[in-house]
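Chain A is the first sequence line, chain B the second, and so forth, proteins listed ahead of strands; every chain is numbered from 1.
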Protein chains: 2
Amino acid sequence: MDELDAVFRALADGSRRELLDRLHARNGQTLNELCTGLVMSRQAVTKHLAILEGANLVATYWRGREKLHFLNPVPIHAISERWIDKYEHGRLRLLAELKKNFEEDSDG
Amino acid sequence: MDELDAVFRALADGSRRELLDRLHARNGQTLNELCTGLVMSRQAVTKHLAILEGANLVATYWRGREKLHFLNPVPIHAISERWIDKYEHGRLRLLAELKKNFEEDSDG
DNA sequence: TCATTATGCAACTATATGGTTGCATGTCAA
DNA sequence: TTGACATGCAACCATATAGTTGCATAATGA
């Protein structure tokens, strides 16, 4: 369960989700490439990427002096399967409960 | 997109995910019921529930002096559809890219 | 060789976060 | 009516987080 926690925490930040989106759009980018167009400093991006790496969402390897970043979709698949699906299954039932509750509420 | 951010942030904390799990197990619990068995104070639970409410993950209504909490599955469905699915679709391709990259790496 | 480029490391800062405690308010039931 | 119960509100605290700046290191290429 601790792996899930790292992933959820990593995904909590919008800048990190944007970095993932950029890698999703074009995989294997260098740090500098990922920095272009962002308002924050390179160091800030480095830190975000380190957190994504720590959550196994990004894998890296060195090509000369460049560090290439690759998206690893496995942890996202994991939270989808192990956590989100649980809520999706009972979704219509839960919605019905909510609705019923609000109806009772407005009835008095 | 700001709604997604609130949901991701709300889900980042393990205590909050546990509260959602408890409501998923039994919907409509009062604050006191949700507190039982947890190590933190009632006030801490209140704050967590407020954050979940702020992200629309939990809906509440009053019955006398008791506050009932209901799970709202819609935001979880939303992040699943609007964010996670995007990564799930290209998942095998992304994995293949990762694998290929590591093979090239070990080749030299 | 040497300047340039790509990145890392460390120290520092401001604010967000998760938690606490104490007291107030409103509802229920004897 | 009054005490107990369920919850809210506010102040406070320690730590985590997101960001910065400055300097160091290593690869590239002219």
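A:Ser41 has a side-chain polar atom (N or O) that falls below the 4.0 Å cut-off from OP1 or OP2 of D:dT20. Regarding contacts with the backbone of D:dT7, a side-chain N or O of B:Asn32 is found under 4.0 angstrom from either OP1 or OP2. Side-chain N/O atoms of B:Lys67 include one lying less than 4.0 angstrom from OP1 or OP2 on D:dG8. Residue B:Arg42 places no side-chain N or O under 4.0 Å from the OP1 or OP2 atom of C:dT20.
Atom CG of A:Asp13 is separated from atom P of D:dA18 by 5 Å (rounded to the nearest Å). Between the OH atom of B:Tyr61 and the P atom of D:dA6 there is a distance of 17 Å, rounded to whole Å. Per the geometry, CG belonging to A:Asp5 stands 14 Å off C1' belonging to C:dG18, to the nearest Å. Between A:Glu66 atom CD and C:dT7 atom P there is a gap of 6 Å when expressed in whole angstrom units. If you measure from atom CG of B:Leu49 to atom P of C:dT17, you get 17 Å, rounded to the nearest angstrom. Distance CH2 (A:Trp62) to P (C:dT7): 6 Å, rounded to an integer number of Å. Look at CD on A:Gln29: it is 14 Å from P on C:dA6, rounded to the nearest Å. In this structure, CG of B:Leu19 is placed 10 Å from P of C:dG19, rounded to the nearest angstrom.
Residue contacts for B:Gln43: at a heavy-atom cut-off of 4.0 Å it reaches a base atom on one of the strands shown. Nucleic acid contact for B:Arg63: none, since no nucleic acid atom lies under 4.0 Å from a heavy atom of the residue.
No donor-acceptor pair under 3.5 Å is formed between the side chain of B:His48 and the backbone N or O of B:Arg16.
B:Val45 and B:Ile51 are assigned to two separate hydrophobic clusters, defined by single-linkage of ILVMFWY side chains at heavy-atom distances under 4.5 Å.
Here the side chain of B:Arg16 is nearest to one of C:dG19, C:dT7, C:dG18, namely C:dG18. With distances taken from any side-chain atom of A:Ile51 to the nucleotides D:dA6, C:dT20, D:dA18, the minimum falls on D:dA18. Considering only the side chain of A:Arg9, D:dT17 comes nearest among D:dT21, D:dT17, D:dA18.
Checked by distance alone, A:Arg65 brings no side-chain donor or acceptor within 3.5 Å of a matching partner on the base of C:dA6.
Nearest-nucleotide positions on DNA chain D for A:Gly64 and B:His69 put B:His69 closer to the 5' end. Between B:Leu31 and A:Ala12, the residue whose closest nucleotide on DNA chain D is further toward the 5' end is B:Leu31.
If you run salt bridge (charged side-chain N to carboxylate O under 4.0 Å, His left out) between A:Glu97 and each of A:Lys100, A:Arg93, A:Lys99, only A:Arg93 comes through.
Counting only N and O atoms by type, the side chains of A:Asp21 and B:Tyr87 include a donor and acceptor under 3.5 Å apart.
Of all the heavy atoms in B:Arg42 and B:Cys35, the pair that sits closest is CA-SG, 3.8 Å.
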